[in-house]
Amino acid sequence: MKYAIYNHKDYLLNIRNDRLRLRTHEPEQGFHELVDQTGNKTNLFIKDVTKEDVDLVYELKFLVAYKGKEFEPYSLGRHILDENEISLFSMDSNDVDCYEFEKQEQFVFKKDVPLDDIEAIIEMKKPILIFEDLPESRKVIPRGETRDFIMKLDSLYNGNS
């Protein structure tokens, strides 16, 4: 997912041509509510800005540390807390033997891991567009904080942080 930092806040972002569209679910000054094609309000507020108007544009990605290696999660959300496990995937066939992943399809391997067995969640922000020369940031959420982090994910990354 893509985000922009504008006025010290992270917003969900759509990019069209050279225009950036910030999105939030909270009414804010300078934002207007998006109305769908039938005229219904959407409870989604948008603002078009330029790349020069924002402090940073980045792609957000998560990794999960498990047994000393970082894997991508299939998804990351509150459902993981209900299931008490997280599905990891890999494209490395060696992970079948080393980490007991199972083949899902050609070059795709999956493993469901109990939430208590992961070592950390890593939040990665990769700058894009005119910011791509800036370094990636990595924030490590240790095992003891992963459940709280997952619980707060929706509010952290839906444009209301």
Side-chain angles (χ1 to χ4, degrees), residues 1-6 9-26 34 36 42-46 51 54-161:
M1 305 233 359
K2 293 178 176 71
Y3 292 84
I5 299 176
Y6 176 75
K9 290 177 70 173
D10 294 88
Y11 292 93
L12 280 167
L13 178 68
N14 287 350
I15 302 172
R16 283 203 185 103
N17 301 321
D18 276 344
R19 299 296 295 171
L20 307 180
R21 177 168 283 179
L22 308 176
R23 302 180 326 200
T24 181
H25 293 283
E26 301 293 326
L34 190 63
D36 68 18
T42 61
N43 199 27
L44 184 64
F45 300 86
I46 60 173
K51 292 178 275 195
V54 297
D55 298 319
L56 180 67
V57 177
Y58 63 92
E59 288 182 352
L60 181 66
K61 178 177 165 182
F62 293 99
L63 297 173
V64 174
Y66 172 69
K67 293 190 176 181
K69 186 171 177 181
E70 293 177 0
F71 299 96
E72 289 191 47
Y74 265 93
S75 65
L76 201 56
R78 290 184 185 200
H79 65 281
I80 292 168
L81 298 175
D82 296 334
E83 298 161 8
N84 202 33
E85 67 180 18
I86 187 167
S87 296
L88 307 179
F89 84 91
S90 172
M91 296 174 70
D92 183 350
S93 61
N94 292 325
D95 292 334
V96 172
D97 294 328
C98 296
Y99 300 96
E100 300 174 356
F101 275 61
E102 296 177 4
K103 186 175 182 176
Q104 294 296 296
E105 55 188 78
Q106 188 172 2
F107 309 117
V108 178
F109 307 94
K110 178 181 175 186
K111 179 174 178 82
D112 293 331
V113 176
L115 204 48
D116 291 335
D117 289 356
I118 67 170
E119 296 157 5
I121 295 173
I122 299 102
E123 172 192 82
M124 299 182 60
K125 293 180 180 180
K126 180 182 178 183
I128 59 173
L129 301 176
I130 62 173
F131 306 97
E132 66 187 2
D133 291 336
L134 295 175
E136 262 185 25
S137 72
R138 288 174 54 99
K139 178 181 176 186
V140 176
I141 296 88
R143 177 185 291 144
E145 298 173 20
T146 55
R147 289 180 185 275
D148 286 341
F149 181 78
I150 292 168
M151 181 70 85
K152 295 174 185 171
L153 268 178
D154 289 341
S155 62
L156 286 174
Y157 297 106
N158 69 1
N160 298 326
S161 64

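Basis for what follows: all heavy atoms, side chains included, without hydrogens, waters or symmetry-related copies. Residue numbers count from 1 along this sequence.
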Derivation of the salt bridge (charged side-chain N to carboxylate O under 4.0 Å, His left out) call for E145 and K152: CA-CA 11 Å; E145 298 173 20; K152 295 174 185 171; over 6 Å; no
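- For the pair L63 and P73, the tightest heavy-atom approach, listed with the atom from each and the gap, is CA-CD, 4.2 Å.
- The side-chain heavy atoms of I46 and N14, taken from C-beta on, include no pair separated by under 4.5 Å.
- Within the 4.5 Å cutoff, the side chain of I122 has no heavy atoms near those of the V64 side chain.
- Using a 4.5 Å heavy-atom cutoff, the side chains of I141 and K139 are in contact.
- The side chain to side chain contact (heavy atoms under 4.5 Å, CB included) test with L60 is passed by exactly one of K125, K2, K126: K125.
- Using a 4.5 Å heavy-atom cutoff, the side chains of I5 and V54 are not in contact.
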Chi angles and distances behind the side chain to side chain contact (heavy atoms under 4.5 Å, CB included) call for L76, F62: CA-CA 8 Å; L76 201 56; F62 293 99; 3.5 Å; yes
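- Annotation for E100: atom CD does not count as buried by contact number, only 12 or fewer foreign heavy atoms lying within 6.0 Å.
- If you check the side chains of D10 and Y58, you find a donor sitting under 3.5 Å from an acceptor.
- A side-chain donor-acceptor contact under 3.5 Å links R78 to the backbone of M151.
- Side-chain atoms of D92 come within 3.5 Å of backbone atoms of N94 as a donor-acceptor pair (strictly under, hydrogens ignored).
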Pair L44-H25, side chain to side chain contact (heavy atoms under 4.5 Å, CB included): steps then yes or no: CA-CA 5 Å; L44 184 64; H25 293 283; 3.8 Å; yes
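- Using modelled atom types, one side-chain atom of R143 and one backbone atom of I118 make a donor-acceptor pair closer than 3.5 Å.
- At a threshold of 4.5 Å between non-hydrogen side-chain atoms, the residues P127 and L56 count as touching.
- Between T42 and D36, the side chains place no donor N or O within less than 3.5 Å of an acceptor N or O (distance only, hydrogens not considered).
- The closest side-chain heavy-atom distance from Y66 to K111 is below 4.5 Å.
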R147/D116 under salt bridge (charged side-chain N to carboxylate O under 4.0 Å, His left out): CA gap, chis, key distance, verdict: CA-CA 9 Å; R147 289 180 185 275; D116 291 335; 3.0 Å; yes
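- R21 is not listed as a side-chain neighbour of L13, based on a closest heavy-atom distance of 4.5 Å or more.
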CA sep, side-chain torsions, deciding dist, call: I80, L115, side chain to side chain contact (heavy atoms under 4.5 Å, CB included): CA-CA 8 Å; I80 292 168; L115 204 48; 3.7 Å; yes
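- I150 contributes atom CD1, which lies 5.5 Å from atom CD1 of I86 (distance to the nearest 0.5 angstrom).
- In the displayed structure, E102 atom CD is contacted under 6.0 Å by at most 12 heavy atoms of other residues, nucleotides or ligands.
- From Y3, atom OH reaches atom CZ of R23 across 8.5 Å, with rounding to the nearest 0.5 Å.
- Counting all heavy atoms, side chain and backbone alike, L88 lies closest to Y74 at O-CE1, 3.8 Å.
- A salt bridge between E119 and K69 is absent, with no side-chain N of the basic residue lying under 4.0 Å from a carboxylate O of the acidic one.
- At a threshold of 4.5 Å between non-hydrogen side-chain atoms, the residues I128 and I15 count as touching.
- Residues forming a ring-ring contact (aromatic ring centres under 6.0 Å, His included) with F131 (at least two apart in sequence, or on another chain): none.
- Heavy-atom minimum distance, L22 versus A4: CD2-CB, 3.7 Å.
- A search for ring-ring contact (aromatic ring centres under 6.0 Å, His included) contacts involving F101 returns F71, not counting sequence neighbours.
- Summarising the geometry, atom CG belonging to L34 is positioned 10.0 Å from atom CZ belonging to F45; distances are rounded to the nearest 0.5 Å.
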Side chain to side chain contact (heavy atoms under 4.5 Å, CB included) assessment of D112 paired with K110: CA-CA 7 Å; D112 293 331; K110 178 181 175 186; 3.5 Å; yes
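- One distance of note links CD of E72 with OG of S87; it measures 13.5 Å at 0.5 Å rounding.
- One finds the CD atom of E59 at 11.0 Å from the CE atom of M124 (value rounded to the nearest 0.5 Å).
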